[in-house]
Amino acid sequence: MSLREVTKTYATGAVEVAALRGISLDVAQGDYVAIMGPSGSGKSTLMHILGCLDVVSGGQYLLAGQDVAAMSEAELARVRNERIGFVFQQFNLLPTLSAWRNVALPLSYAGVPGGERRRRALTALERVGLADRVDHRPGELSGGQQQRVAIARALVTDPAVVLADEPTGNLDSVATADVLSLLDELHRAGRTVVLITHEAEVAARAARVVHIRDGRLDVGVGATTGGVA
Ligand code: ADP
Ligand code: MG
């Protein structure tokens, strides 16, 4: 993933907010990067752009060498579904669906047949230590368990990249440790992991830390070695 002088401006009525003011960052395949910064510094905006959930206002974003601005809506949807796994602070699980059905959702969008969806969802839940909770709904699970369901959902499509936006923000220290060790495991398995956080101890788990403030990266960070994902 490669960002070149990326800017993002939100227009709300007469007010314009420059959320990103010229971000250049390379993330190599298999890298584990933490993006750290205070509230309002542009972390979530950056994650939305990295995840193709939103588009840049200026500059360029290349994902696996492809210019995201040139992709159609259908291509973007496919990239989000197949190449990227998302984990959010609020878990974003559907409350009426069981854990395994939540995990299987990205597979339905990808057109995977029913029996295989269930089998793969169960495998993903087993990997996050929730084999005994597959039929529970989110409301019947603890926060930490809900986040593990969300991680299973992010994994089930076997994405190259996992983007996690404050994934431990709503969790106690035990659940935080579980989530961080799952992210470590994903990294060890060769996935690219981008972890957004405002907590130094959480960021310290990554292979490198990039600091963002007022929509800019601190000078002197963001360098990378090896191939670009
Ligand atoms: P962080 O995740 O670091 O807290 P955000 O990326 O959410 O920061 O926000 C960066 C800035 O952009 C903030 O000033 C925020 O108010 C503004 N912002 C974020 N999303 C929107 C939006 N959808 N519309 C207008 N302004 C937004
Ligand atoms: Mg945020």
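Numbering of ligands and ligand atoms starts at 1, following listing order.
Looking only at heavy atoms of the protein, atom 27 (C) of ligand 1 is closest to Tyr10 CD1, 3.2 Å. Among protein heavy atoms, the minimum distance from atom 6 (O) of ligand 1 is reached at Thr45 OG1, 2.6 Å. The protein atom (non-hydrogen) at minimum distance from atom 15 (C) of ligand 1 is Val17 CG1, 4.7 Å.
Within the listing of ligand 1, atoms 4 (O) sit less than 4.0 angstrom from a heavy atom of Ser39. Per-residue contacts place Thr12 under 4.0 angstrom from the following atoms of ligand 1 (heavy atoms of the residue considered): 24 (N), 25 (C).
The nearest N, O or S atom of Ser44 is closer to the Mg ion (ligand 2) than 2.8 Å.
Evaluated by nearest non-hydrogen atom to atom 7 (O) of ligand 1, the leading choice among Ser44, Ala18, Ala11, Gly42 is Ser44.
Heavy-atom contacts from other residues, nucleotides or ligands closer than 6.0 Å to CD of Glu140 number more than 12.
Less than 4.0 angstrom separates atom 20 (N) of ligand 1 from at least one non-hydrogen atom of the protein.
Note on ligand 1: Gly37 sits outside its first shell, no heavy atom being nearer than 4.0 Å.
Polar contact check, Gly40 against ligand 1: a nitrogen or oxygen pair lies under 3.5 Å apart.
None of Val161, Val162, Val33, Leu186 except one satisfies the side chain to side chain contact (heavy atoms under 4.5 Å, CB included) rule with Thr192; the exception is Val161.
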